Amino acid sequence: LKKQFFDLVVLGQKTIEVRLAYPNLSKIKAGVDLVFLCGNESQEVEVLRRSEYSTFEEMLETEDFKKMNPARTSKEEQLASIRKIYSQEK
């Protein structure tokens with residue numbers, strides 16, 4: 001993870017991780033422990049729930065965007081941030 005997001009995970013402020021549903025991520029399910037890495041630091045977390053959505057907009061209608069990034073002030077701002085990472089086609 002990028003340092004800014006890693007720190008939020010460590011502090012417990014970022015509790016939702018957004019990923020595209022690539023086949024190699026299909027093994028991630030509730031109860032699985034994940035280790036986030038950032039440089040020489042690591043943070044183990046337990047997956048509590050895995051959800052799939054057809055669009056980012058659908059995800060933002062269902063999930064609390066502040067749990068993805070508490071620095072964002074609106075769903076629209078969060079969507080713009082996600083779009084910077086993932087192209088419109090995805």
Side-chain angles (χ1 to χ4, degrees):
L1 287 179
K2 291 183 179 181
K3 181 69 171 153
Q4 71 184 63
F5 300 120
F6 180 84
D7 290 344
L8 292 171
V9 169
V10 171
L11 293 170
Q13 296 176 352
K14 177 177 172 39
T15 59
I16 296 177
E17 178 64 13
V18 177
R19 298 289 170 150
L20 294 181
Y22 292 124
N24 63 321
L25 299 178
S26 65
K27 296 175 187 165
I28 297 175
K29 301 193 182 317
V32 169
D33 289 332
L34 295 179
V35 178
F36 288 108
L37 303 173
C38 182
N40 294 328
E41 298 177 89
S42 65
Q43 178 68 35
E44 186 172 324
V45 297
E46 179 184 357
V47 176
L48 300 178
R49 177 172 56 94
R50 179 178 179 212
S51 302
E52 292 188 22
Y53 301 98
S54 299
T55 64
F56 293 127
E57 291 84 358
E58 178 187 2
M59 175 187 68
L60 289 169
E61 286 301 316
T62 305
E63 303 292 346
D64 180 355
F65 72 91
K66 291 288 221 177
K67 292 181 179 181
M68 297 171 206
N69 185 346
R72 300 293 173 230
T73 58
S74 69
K75 290 178 185 180
E76 294 76 20
E77 187 180 7
Q78 181 60 41
L79 179 60
S81 176
I82 291 169
R83 290 276 179 234
K84 287 180 183 177
I85 299 168
Y86 300 111
S87 68
Q88 190 72 19
E89 297 79 45
K90 296 180 177 185

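Bear in mind that the values here come from a model prediction, so they are computed numbers and not experimental data.
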### Message
Are more than 12 heavy atoms, taken from residues, nucleotides or ligands other than K3, located less than 6.0 Å from that residue's NZ atom?
### Response
yes
### Message
As an exercise, state the distance from CD of E63 to CZ of R49, rounded to the nearest 0.5 Å.
### Response
4.0 Å
### Task
Report yes if the side chains of K75 and E57 come closer than 4.5 Å at any heavy-atom pair, otherwise no.
no
### Query
Using the benzene-type ring in the case of Trp, are the ring centres of F56 and Y86 under 6.0 Å apart?
yes
### Query
Between the side chain of K66 and the main-chain N/O of R72, is any donor-acceptor distance below 3.5 Å?
yes
### Summary
Heavy-atom closest pair (L20 atom, L25 atom, distance to 0.1 Å) is O-CD1, 3.3 Å
### Query
Taking side chain as C-beta onward, heavy atoms only, is L1 less than 4.5 Å from E17?
yes
### Task
Treating Ile, Leu, Val, Met, Phe, Trp and Tyr as nodes and any side-chain heavy-atom pair under 4.5 angstrom as an edge, say whether I16 and L11 lie in one connected cluster.
no
## Note on the structure
Correct closest heavy-atom pair for I82 and M59 would be CD1-CE, 3.6 Å
### Task
With sequence neighbours excluded, tell me which residues meet side-chain hydrogen bond (donor to acceptor under 3.5 Å, both in side chains) with Q4.
none
### Task
Mind checking the CG-OH spacing from L60 to Y53? Nearest 0.5 Å is all I need.
9.5 Å
### Query
Backbone N or O of M68 within a donor-acceptor pair of the K14 side chain at under 3.5 Å?
yes
#### Entry: Partners meeting salt bridge (charged side-chain N to carboxylate O under 4.0 Å, His left out) with E46 (sequence neighbours left out)
none
### Task
Determine, step by step, whether I28 and R19 satisfy the side chain to side chain contact (heavy atoms under 4.5 Å, CB included) criterion, reporting the C-alpha distance in whole Å, the side-chain angles of both residues, the deciding distance to 0.1 Å, and the verdict.
CA-CA 11 Å; I28 297 175; R19 298 289 170 150; over 6 Å; no
### Query
Hey, what do you get for OG (S26) to CD (E52), rounding to the nearest 0.5 Å?
9.0 Å
### Message
Assigning hydrophobic clusters by single linkage (Ile, Leu, Val, Met, Phe, Trp, Tyr; side-chain heavy-atom cutoff under 4.5 Å), is V18 placed with L48?
### Response
no
### Query
Roughly how far apart are L8 CG and Q43 CD, rounded to 0.5 Å?
12.0 Å
### Query
In the hydrophobic cluster built from side-chain contacts under 4.5 Å, what are the other members alongside L37?
V35
### CG/N24: more than 12 non-hydrogen atoms of other groups inside 6.0 Å
yes
